[in-house]
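Following: one structure in structure tokens, then a few remarks.
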Amino acid sequence: MFSGFTEFIKSILTHPALPVVIRSLAVLFGGTLLLKVITHFIGKRMGKKYSPQVQMLTRKGIFYTGIILLLFYVLQQAGVKMSAIFGAAGIAGIAIGFAAQTSISNIISGIFLVSEKPFALGDIISVEGKLGIVESMDLLSIKLKTFDNLFIRIPNTTIINTNVTNITRYPLRRMNFELSVAYKEDLSHVRGVLMDIAMKNPYCLDDPAPYFLIKEFGTSGVALLLGLWFEKNDYTDLKNSIMTEILERFRKESIEIPFPHISVYTGETTKPFPVASQKK
Amino acid sequence: MKAEAALYKEMITEENSPLRFTAYGKKFSAAIHEGRLQIFLHSGRKEELQTDIILPDKALVSGTEIALSPSLPDKPLSLDPARSIYVLAGATVSFFIPVPLWATLTVNGLPVKDIILKEFSKTWIGEVGQNGDLGYTHHQEPMKDDSTLLPDAAYMEIIIENKSRISFDVKRLILYVPFTALYKNEAGYLFTDRQKFTISPNNKQDIKLMRPASSGIETVARPRRKASKDYFTRFATFLKKVTVMS
């Protein structure tokens, strides 16, 4: 039995293909290692100049192209005819292309997204009513984490084909408050009160100045718009504080925020509908 | 402000707790309670907790050193003087702006936090919503000299050198406070770096921060931020937009 085993080992060691196998393995291992070093070095060189997505795509692109070239070399060394492989790859490519249409479309969309840069990792975006923080941008999809801790995967094609709102693109934002005051109120006084609230609020920026607009004469009151500029991270603080301050100050100044109401009149006169209570 | 009053240092133990002290014109109290060091800032009837640190047993026995040292606000200040500053063609003007101080709290020699002694309202310095920097609005009139004792501020000297042929009004001035160091001079007054705006004959603008002129100055606090190469270039362009040429 032992002699059989030694014979087997001897046959392997004296096999004419052994040098080719060793060389191929050395090329594969050495080449992979070299590719890893190269991609690592390229990643470092790209540094902060390029976004993480571009870095990832470049590194992966170089690595996988290198691996394919290495495989071609190894197959060539093994005596495999490359023309046959390319022919088979062409037929397989058509079949895979039909089967993976959606995935390929997502990959191409992903490349467009990386070049267009509508958002970056950590941005808060809104896509088709879904609001969340961009957690990752991959070849097929982007992943969002919503504020109520849900995970949303959105295919890249959806992002390309739909309107995307990047909420944190600019350092400043304007918060619009639409409110209504009763017709009896002095609008210049209301404006003064609102501006004073805005100027005293620590989260509201002095410059750009708050924006005040008398929007329309509504059914129940005069509709107003107050636009306040703030630093994008202060959204919650500004919203909570300003709402409280407006309510408190309006109460203090006896400024009425009207609720929706309807006046009913009878006949041709403008006197309200006569209502009388009857004692039993 | 006199520098002697600028640095407050005290040892606090369970025996001398609570400790009440005044620094920068504000009232503070420090107390050791159930192994924790708590420091409060008092304003009117309100007391605001500034820090709450769990102390190691060793510090409880030997005592804890608390110190307050002067520092400058962390963002640039946008100065909106009530009257604009008129600079004639070919003229150089200089004046002083008192910059309110903040305080850096250190416990056993380790910096713990910035204590905000003066609250500012936020403003944007730059183009609306895009290139620029967040800053604070500072309502202060320029002073002709720096001889008045200020209880809670450091002087910043502003020099505007107009080499152009056009006179102009400065309606808004940006003080690059986070990029300047804080110094004290021999007399004990606190100063920042001098800020110089130069308008060249071809109307190009330049902003520079320079060490104060007085001799025997000592650095009290280093700059908070290091300006990138294009920072002042960007703001020099912005200066053009906030000055009204006449």
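No experiment lies behind these values; they were computed from the predicted model shown. Reminder, nothing fancy here: chain letters follow the sequence lines and each chain counts from 1.
Note: B:Leu134 CG to A:Leu172 CG = 6.5 Å, rounded to the nearest 0.5 Å.
Counting heavy-atom neighbours within 6.0 Å of A:Arg153 CZ, excluding the residue itself, gives a total above 12. Heavy-atom neighbours of A:Phe112 CZ from other residues, nucleotides or ligands within 6.0 Å: at or below the threshold of 12. The number of heavy atoms from other shown groups lying within 6.0 Å of CD1 (B:Ile54) does not exceed 12. Residue-environment remark: NZ (B:Lys163) stays at or below the threshold of 12 foreign heavy atoms within 6.0 Å.
Of the listed residues (A:Arg169, A:Met199, A:Arg174, A:Glu231), the one with the most heavy-atom contacts under 4.5 Å to chain B is A:Glu231.
Exactly one of A:Asp207, A:Asp206, A:Asn201 qualifies for a side chain to side chain donor-acceptor pair (under 3.5 Å) with B:Ser121. That residue is A:Asp206.
Taking 4.5 Å as the limit, every side-chain heavy atom of B:Phe120 sits out of range of all side-chain heavy atoms of A:Pro202.
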